[in-house]
Amino acid sequence: MSKSVARLKSMKKVADKIDHSSKLRTNIPAGMAAAGPPLGPMLGQRNINIAAFCKDFNEKTSNIKQGVPLPTRVKVNSDRSYQLTIHQPPSSYFLKQAAGISRGAMEPVKETSGKITLKHLYEIAKIKQQDPPLEWKSLKEICTMLIATARTCGIEVVKELDAKEYGEFLDERKKTVEEQKKMLQEKREAKMLRTA
């Protein structure tokens, strides 16, 4: 009995083919794939033709605004060919664009960096539903995920938004951001003096 069990186990090991293909997960700006770092070395490690990959990626993203970060998944086959999957931009990118801000809050719970309406949230959810990982989720689940992402960015979700009031809010926010940048710069300079 033990010989037959051992034989079955060895046959199973032979039958199970292990996928040794290398997977690459990175964000690449649309239309800006270049052979230089950080993309070039990542592709070089996986024996992918860097120039062909950059040309292929830039052609596929030519219809998207240049510079938009795109989560990219690359599955490398053993014969040095690859399968390129390009997802929609990250949720945080869409939320910041809808709020009209360039960076999120440093302390998300304590400060508000921007505001968006429920309509914005719904439109972003419809776009994100096209992503392969989210295509089987309901719009309600995606909206819940987006609300959580907005909270971590310091973006408040409101029912209605007055353009004039929001413009004043953004002007005040610019002053706060400048103060935060000065404070960070002072911390960096103080740290440089301590380490020197």
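For this chain, numbers begin at 1 and follow the sequence in order.
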Student: Do Ile28 and Leu39 come within less than 4.5 Å of each other through their side chains, counting heavy atoms only?
Tutor: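 They are in side-chain contact.
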
Student: Any chain of hydrophobic side-chain contacts (each under 4.5 Å) joining Met145 to Leu139?
Tutor: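 Met145 does not cluster with Leu139.
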
Student: I'd like to check Lys23 versus Arg73 (side-chain heavy atoms, cut-off strictly below 4.5 Å). Are they in contact?
Tutor: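 No. Closest side-chain heavy atoms not under 4.5 Å.
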
Student: Would you say that Glu111 contacts Gln180 through its side chain, given a criterion of any heavy-atom pair below 4.5 Å between the two side chains?
Tutor: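 In contact.
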
Student: Under 4.5 Å between side-chain heavy atoms, counting indirect links through other Ile/Leu/Val/Met/Phe/Trp/Tyr residues: same cluster for Tyr122 and Leu95 or not?
Tutor: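 The answer is no; the residues belong to distinct hydrophobic clusters.
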
Student: How long is the gap from CG on Leu70 to CE on Met32, to the nearest 0.5 Å?
Tutor: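 Between atom CG of Leu70 and atom CE of Met32 there are 11.5 Å.
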
Student: With a 4.5 Å limit on heavy-atom distance, are the side chains of Phe94 and Lys128 in contact?
Tutor: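 Yes, side chains in contact.
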
Student: May I have the step-by-step check of side chain to side chain contact (heavy atoms under 4.5 Å, CB included) for Lys60 and Leu84, ending in yes or no?
Tutor: CA-CA 10 Å; Lys60 285 186 176 184; Leu84 179 64; 3.9 Å; yes

Student: Determine yes or no for a side-chain-to-main-chain donor-acceptor pair under 3.5 angstrom, with Glu189 supplying the side chain and Glu186 the backbone.
Tutor: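 Pair absent, no side-chain N/O of Glu189 close to backbone of Glu186.
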
Student: Quick one: pull up CD in Glu123 and CG in Leu146 and give me the separation to the nearest 0.5 Å.
Tutor: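 It comes to 12.0 Å.
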
Student: Once you round to the nearest 0.5 Å, how far does CG of Leu161 lie from CZ of Phe169?
Tutor: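 Leu161 CG to Phe169 CZ: 9.5 Å, rounded to 0.5 Å.
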
Student: Which value, rounded to the nearest 0.5 Å, describes the distance between Ile86 atom CD1 and Asp131 atom CG?
Tutor: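 Reported value, rounded in 0.5 Å steps: 11.5 Å.
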
Student: Quick one: pull up OG1 in Thr149 and NZ in Lys96 and give me the separation to the nearest 0.5 Å.
Tutor: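 Thr149 atom OG1 to Lys96 atom NZ measures 11.5 Å (nearest 0.5 Å).
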
